[in-house]
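The structure appears right after this line, and notes come after that.
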2 protein chains.
Amino acid sequence: MGVKEYLEDKANILRLYSLRSTTKAKSGHPTSCLSCAEIIATLFFNQMRIDPENLDYADNDEFILSKGHAAPILYAALAEIGAIPRDKLLTLREFSSELEGHPVPRVKGIRVATGSLGQGLSIALGIAYAKKLMNIERRVYVLLGDGEMAEGSVWEAINLAGKLSISNLTAILDMNRLGQSGPTMFQWRSEEYERRIKAFGWEVFTCDGHNVDELIRVFEAAKESDKPSFIIAKTVKGKGVSFLENVDGRHGKPVSADELEIAEKELQPKIRNVKFKPSNLVKASVRIEREDVDFSVETDYKLGDMVATREAYGRALVKLGEQNGKMIVLDGDVKNSTFTQFFFERFPERSIECYIAEQNMVGVAVGLQTQGFDVFLATFACFLTRAFDQIRMASYSRANLKIAGSHAGVSIGADGPSQMGLEDLAMFRSIINSIVLYPCDAVSSEKLTAIAAGYDGISYIRTSRPKTPVIYGNDEEFHLGGSKILRRSGSDELTIVAAGITVHEALKAYERLRGYGVNARVIDCYSIKPLDAETLREAYMETGRIITVEDHYAQGGLGEAVSSLGLTPRILAVRRMPHSGRPEELLAEQGIDADGIVREAEKMLNWKR
Amino acid sequence: MGVKEYLEDKANILRLYSLRSTTKAKSGHPTSCLSCAEIIATLFFNQMRIDPENLDYADNDEFILSKGHAAPILYAALAEIGAIPRDKLLTLREFSSELEGHPVPRVKGIRVATGSLGQGLSIALGIAYAKKLMNIERRVYVLLGDGEMAEGSVWEAINLAGKLSISNLTAILDMNRLGQSGPTMFQWRSEEYERRIKAFGWEVFTCDGHNVDELIRVFEAAKESDKPSFIIAKTVKGKGVSFLENVDGRHGKPVSADELEIAEKELQPKIRNVKFKPSNLVKASVRIEREDVDFSVETDYKLGDMVATREAYGRALVKLGEQNGKMIVLDGDVKNSTFTQFFFERFPERSIECYIAEQNMVGVAVGLQTQGFDVFLATFACFLTRAFDQIRMASYSRANLKIAGSHAGVSIGADGPSQMGLEDLAMFRSIINSIVLYPCDAVSSEKLTAIAAGYDGISYIRTSRPKTPVIYGNDEEFHLGGSKILRRSGSDELTIVAAGITVHEALKAYERLRGYGVNARVIDCYSIKPLDAETLREAYMETGRIITVEDHYAQGGLGEAVSSLGLTPRILAVRRMPHSGRPEELLAEQGIDADGIVREAEKMLNWKR
């Protein structure tokens, strides 16, 4: 009796735990756990060099469960290696339990949230890349289901990993033939997957996913490869329980109490309780620690300099990079537009060109930050919508990401709406615990970038294409949840709340109104989330009228954010179908230029006269 | 002098137009046009069977420009075949021109908006599929850039097209080696693309993309294939203009007036003005017409029946399908959860399983609807975030899509946040010209589905996982922009505005408040966009207080929508980090159950006392 019997025992123990916990919860995906039991057992009790007491340390092999619905078996494995108490397993899916329906990083050993399929490989790629950057010789394993192989995000990750020859990455395909609502595209035709994956530059191995000897063989072979390796494991959904094996229609269904009894009777006798000392457990010692980093930047602009906020952002990245050795920047083939190019040129070893594949870029970023890196990524604001699901899941991963979206609004001009970010404020405001910052000039752009750099969570900075005048002095300070009152008097009749490009329109409108004898308060609402509620409420109470003006759709942006404070602004925003044109024409058409603001002010003031 | 010289002439004419229009606009991507001039010329003047006067008819071959930034050369081709006036070409990117910076369907011959890369192949696949459904023997051509081959969405489309053997689809790769900010991943290594694409079941051809004879040869060969065909055309970015050819750093830059002069001197002499009568122009006759369809449904529920709105949605689909032969339903391997399964079972020939690939599902839907089909698609609300960019672009395509997202909110329970739609109302509200409907019971679910069916634009229906009681009679009518006052009296002290699952909580809260002697107005705000502003304003004026309550994040949803009317509701929404648990526990934790509503009401009323 040796390692084979030991691992087979472990697999069946994991099966029992998966069945028991989901039956108790009356909820969950046991059949999806049963198909990967030998895989998980071989990884956790034979292959992965892990320290169960310090799974959060960097010098562990790492495991990502891309097929997140198999969470119960991951929890069971963590319990079996002693990383979490066994009695927790039966709290699966309960309100107060850290063992949620799909993995979230609430227990050591789980770095990220998974459950939205097709995202784990990108994350694993990021972690593997990080290990290399840290010169830590450890491997990252990621388990995928066959259904999720249809997700394009998987192929973005396969493509980049192959291109970069990320050799410390081993993916395993739990090829159990059955998706949720029916068979997968290719069922058990492993050659379909093999041909595709090989074409992308990976080494591919196939095996019987329930044969421990074969699994060990391919895992060992994978370690020898200088390419990323993909193991296609032929498995049976529901394996180990006679009435579940290979049966369609049982996805996501726990077994009943009676069925569990039968399953216990089938599985228990197979467990021989082999005595075997696993040799994969190690002592880790490299903590992932946050160094003391200076997240501030100094600026050196002159009032009136014409500088695009996207360009200032790029300069800030370099300054931050000089102060922070753990800073990494990612871009999606638009670095000359987002201006991450400055960082790419200065710190090529800490820059990753992700090509035109935004989903994977965000996933890789999530992986990198689990290893303690401070990760910045940028593309056009509108192209971040390509990665909304990844950003959403990153929030459940409690990820620390600094995201920048350039080319905000209709003010990009002639390129037209396919390139215009008009819904990005709504998107990022809806991300739980995010912050949303929108600078109007070069000074604030650099300083808000610095604030984002120091924020632990998901931050979003919105930058603009056109050059705008510097309006702040270099010693101006900015704060999360702050704003700047740019114009005020003792007799303000209304307040204009703007951000980004519309701040300059608001200042022009202010001059025009003053010419009419009307004083307006002008607020640069650079912190859109959280808002400077105090200043805004005070302005509303003192002036009685608020106009918000944003280069963004009317839904979910600055105006609705201000509304939600209980104020009743007139919301100027992009309401008409956007199209090509010169920036000033487009701003005018949407009524968000100085003219539009003045017209709205006139309307509001007339009502009161 | 024959077809070769004729097509070479055309290519150079198209080059001149592309250069002139972008130079005049001082904006645009001429080098990206120059690389595909022979390809476009061969397609429009030799290969594609098109009727320039009736490009909108169904019996044309179709062309999708996935690399949308090459719009100028598409416009030039349309002008050269006489579909648009030549003098329009110099209005490129102007405010009043239909010839926008990236294609939009404002001229015949352009069915959809492109410009966000990696989306054209899915759309082309949808169109090709539609032609087959309509028994129209026509081919769909789609031109991609090499940079966008990194997008996962392209591989989703390649995968499904290969699996379905869509043989009337020919893709062309303009492999010009240079992306936006640097060289592409594989530059001119066509074997890298060939190996990958072949692995997905396509026929692959390679050729010199500037050699018209080779292009004709591969186009002809592609027509013989019983698989979808991909032509890898090796090209040179900036081809035809000496100072632009293969030069990095000239992406997206028009040439100056001086440079244009040089380019003219280089290109003009090459044009021999060969007299040749193209044989590809045909007379089309099949209009794409909307039939008179009955978009109404009758329901047959009893008050108090416990039925999930997602299930009722599924029933409505079948009823609509019986009345509408041009209705198609798509799903992403969750049909047993979204209940599109009913339609799949009843009308398999009009159902398309898109597998776990939401981006492609939306793109295919956009393609199908260009051919006059009424397209419904569904998946979990949260997974629609995977396709936000495709939905965004669909709005610029003026597409007619009926989208349903199930499993809304924390009320899905134990699966946890990866499966919870909590930002979908914000997402769909931000889509220009969209409508957003959120039924609370089976009757309204079916009737709102019918409203969406008849709406020409992007509609979103949000359905819930749990069973809820039927509260409406079968003859109840619902309207876009409508709402239902469920409870009212002459002495209402506050208004509770709810939708979907929270309507039932609001009704419970109403009973509790009445027990305290407080009358509340309860409004089922089933039309979230557009809102029933009149009813809401009246309620606010008459009762003085509004509470909105939604199973959705606080940003961009029902509460902020109501706020934006100038009302000041207390917004109850999901504000705490979501996690697993029973639905009732999770609603309670977020303060959006009956208890939470009552507590908020008490707070509001105490303030006034």
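Below, each value reflects all heavy atoms present in this structure, side chains not excepted, and no hydrogens, waters or symmetry copies. Order of the sequence lines fixes the chain letters, A, B, ..., with proteins taken first and strands second; residue numbering starts at 1 for each chain.
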Please confirm whether the backbone N or O of G566(A) pairs with a side-chain atom of R570(B), one donor and one acceptor, at under 3.5 Å?
-> no

Under 3.5 Å, is there a donor-acceptor pair between the side chain of E100(B) and the main chain of S580(A)?
-> yes

Could you tell me whether a side-chain N or O of R386(A) sits under 3.5 Å from a main-chain N or O of L117(B), the two making a donor and an acceptor?
-> yes

For I356(B) against E148(A), the heavy-atom pair lying closest together = CD1-N, 4.1 Å

Indicate the ring-plane relationship of F200(A) and F200(B), choosing parallel, tilted or perpendicular according to the 30° and 60° boundaries.
-> perpendicular

Residue part contacting chain A, namely of M361(B), when any heavy atom lies under 4.5 Å = neither

Nearest heavy atoms of Y355(A) and P183(B), plus distance in Å | CE2-O, 3.9 Å

Portion of R398(B) that has a non-hydrogen atom of chain A nearer than 4.5 angstrom | side chain

Do you know which two heavy atoms are closest between S430(B) and Y553(A), and how far apart they sit?
-> O-CD1, 3.2 Å

S27(A) versus chain B, the contacting section by heavy-atom distance below 4.5 Å = side chain

With no hydrogens and no angle check, is any side-chain donor or acceptor of D333(B) less than 3.5 Å from a backbone partner on Q180(A)?
-> yes

Main-chain N/O of G115(B) paired with Q419(A) side-chain donor or acceptor, under 3.5 Å = yes

Answer with yes or no whether the side chains of Q341(A) and S181(B) bring together a donor and an acceptor at under 3.5 Å.
-> no

Judged by atom type as modelled, is there a donor-acceptor pair below 3.5 Å linking the side chain of R195(B) to the main-chain atoms of G201(A)?
-> no

Around R106(B), counting heavy atoms of other residues, nucleotides and ligands shown, do more than 12 lie under 6.0 Å from its CZ?
-> yes

Using the side chain to side chain contact (heavy atoms under 4.5 Å, CB included) rule, pick out the option among R582(B), E584(B), E589(B) that qualifies with F95(A).
-> E589(B)

